[in-house]
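Throughout, protein chains are lettered first and strands after them, A, B, ... in sequence-line order, and every chain is numbered starting at 1.
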2 protein chains.
Amino acid sequence: MARAAKPRENKDKKARDLPTGIALLWGEQDQPARGPKPSLTPQRIAQAAVTLADAEGLETVSMNRVAAEFGVSAMALYRYVPGKTELVELMVEAVLAEPPDLSAVGSGWRARLSAWAHRQWAVYQAHPWLLAATAMRRQIMGPHQLAWMDTALAALEPTGLTPGQRHQVFLLIAGQVRSLAQQRADFDEDHNREWGRLTSELLNRHSDRFPALTKAIADGAFTSTELDPLDFGLDRILDGVQVLIDRA
Amino acid sequence: MARAAKPRENKDKKARDLPTGIALLWGEQDQPARGPKPSLTPQRIAQAAVTLADAEGLETVSMNRVAAEFGVSAMALYRYVPGKTELVELMVEAVLAEPPDLSAVGSGWRARLSAWAHRQWAVYQAHPWLLAATAMRRQIMGPHQLAWMDTALAALEPTGLTPGQRHQVFLLIAGQVRSLAQQRADFDEDHNREWGRLTSELLNRHSDRFPALTKAIADGAFTSTELDPLDFGLDRILDGVQVLIDRA
DNA sequence: CATGATTGTTTAAGACATAAACAGTTTAGA
DNA sequence: TCTAAACTGTTTATGTCTTAAACAATCATG
């Protein structure tokens, strides 16, 4: 990482005037005619990186480590992938797999959007590093990412909202899932307990400075498990969207 | 970075059984009696790092670069700060400054929460690196972060919601601001235009795969500027919260 | 005034991404 | 069939980063 944006010439012929990284994401690359048979593919490399990240976290995904998985040198990967940035993009794309099929989920926009959010949430749960991976660089490019977006927008079509509003609602839902995943990632069980211990210790010393917070903790607002955060947030947002629809 | 979690012994005496990093965040450190006068403080270091990050991005904040700002060697900083992780935490704390005073903002919970969100948004706008800085590691520890949280929770007290619900609403609002900042950070003006160009190019080739998306773009859903994303999202969420309140 | 805590420096280790040069492999075209 | 181009994978090397370790200089307190 830490590489400045560099033009990086595109030498492909068949992949028509697309930046190399994007051609890769869309699988639009020409396979070579001459030379030794490639022993790898970008997709296999990305897959290995994904299982590695799933098991040991994104930090341990280095070119060296991934290459070792195939018994080749780190530099060998550069024959398939322009750089680490692009590898991570491929990882994201790999994990997004096929978008959810919402046709089975009733026909209401609300049920469908809710289902969409839950599927997306499941992906974040299965691959916690996804958050960091998409946080670092540009969003939304690969076909799988676009497909997810497409299904959400399709679910919103029957609402009667304007296209601009539908887009905003999509952003809202996607953002909610994402930010919740963020909050989860920060607080695993152990860490949460430790955080609670330290925070109450500190609050004891400064309870006058944080009255509302102190009270909230005393009332168990942070330890109650009766509310599922994802559903709570979704219900509020969707209720709010319903209000907007009714008003039109 | 890329440092495994290491216990790191605490040698302070006055800072009572707090991990060094946290004592630092709360300003609970004893100043030394003997030895040369320190030429720096953790706060001044953090401040320099903040102005550096504001000007040139978080990537350029390296121990070397920050130290150079004071004309000292990189290692000198380690006399004041245990490591880079803690420096970043101090940066966050520095930028959160004093929490907003919402007492001037009418008395309704809704107006106050909205104002809170706008202030938080302003912070993200002023310091785009804040996102990456808080994304990497644990959230919420320093007194300033807690103070922001406190004001939001205080604004929610008159709603009649349960403590658990208020907490969830807080998370929802904070998450919305954050995820919006995320989306903004990814898409500056130029990048946005380039993204639109490439995406429509790709959609032209695969429009059958993404019907809803294609239509949305054709309808200008992505280029309409009439809706302010922050206010749109807030209005939906707050409407939804209102529904919940009315139902109780 | 000397002792020991504390500051800042130099040196160096180890991880990382990736550039450059090179040796071996395969196939298209002569 | 042979040769040259295209391609793969390797080794070597560079620059960047965090941070450990050893050391020299400094200053209040006994």
Length of the [atom1]-[atom2] vector between [X] and [N], whole Å:
X: B:Leu40; N: C:dT6; atom1: CG; atom2: P; result: 17 Å
X: B:Glu59; N: D:dT18; atom1: CD; atom2: P; result: 12 Å
X: A:Leu77; N: C:dA17; atom1: CG; atom2: C1'; result: 12 Å
X: B:Gln31; N: D:dA28; atom1: CD; atom2: P; result: 14 Å
X: A:Lys84; N: C:dA15; atom1: NZ; atom2: P; result: 15 Å
X: A:Asn64; N: D:dG9; atom1: CG; atom2: P; result: 16 Å

Taking for each residue the nucleotide of DNA chain C with the nearest heavy atom, is it B:Pro36 or B:Ala74 whose nucleotide lies nearer the 5' end? B:Pro36
Residue mapping more 5' on DNA chain C - nearest nucleotide basis, B:Met75 or B:Pro38: B:Pro38
Compare side-chain N and O positions of [X] against OP1 and OP2 of [N] and report whether any pair is under 4.0 Å apart.
X: B:Tyr80; N: C:dT7; value: no
X: A:Ser39; N: D:dG9; value: yes
X: B:Tyr78; N: C:dT9; value: no

On DNA chain D, check which nucleotide each of B:Val61 and B:Arg34 is closest to and give me the residue with the more 5' one. B:Val61
For B:Arg79 and for A:Gly71, locate the closest nucleotide of DNA chain D by heavy-atom distance; then report the residue assigned to the nucleotide nearer the 5' terminus. A:Gly71
Of all heavy-atom pairs linking B:Tyr78 and B:Gly83, the shortest is CE2-CA, 4.0 Å
Heavy-atom closest contact (B:Pro100 atom, B:Thr151 atom, distance): O-CG2, 3.8 Å
Got a salt bridge between A:Arg65 and A:Glu69, using NZ or NE/NH1/NH2 to carboxylate O under 4.0 Å? yes
So what does [X] touch, heavy atoms closer than 4.0 Å: a base, only the sugar-phosphate, or nothing?
X: A:Ala76; value: base
X: A:Met63; value: sugar-phosphate
X: A:Phe70; value: nothing
X: A:Ser62; value: sugar-phosphate

Is the ring pair A:Trp26/B:Phe210 parallel, tilted or perpendicular, if the boundaries are 30 and 60 degrees? perpendicular
Measure from the side-chain N and O atoms of B:Asp150 to the backbone N and O of A:Leu213, and report whether any donor-acceptor pair falls under 3.5 Å. yes
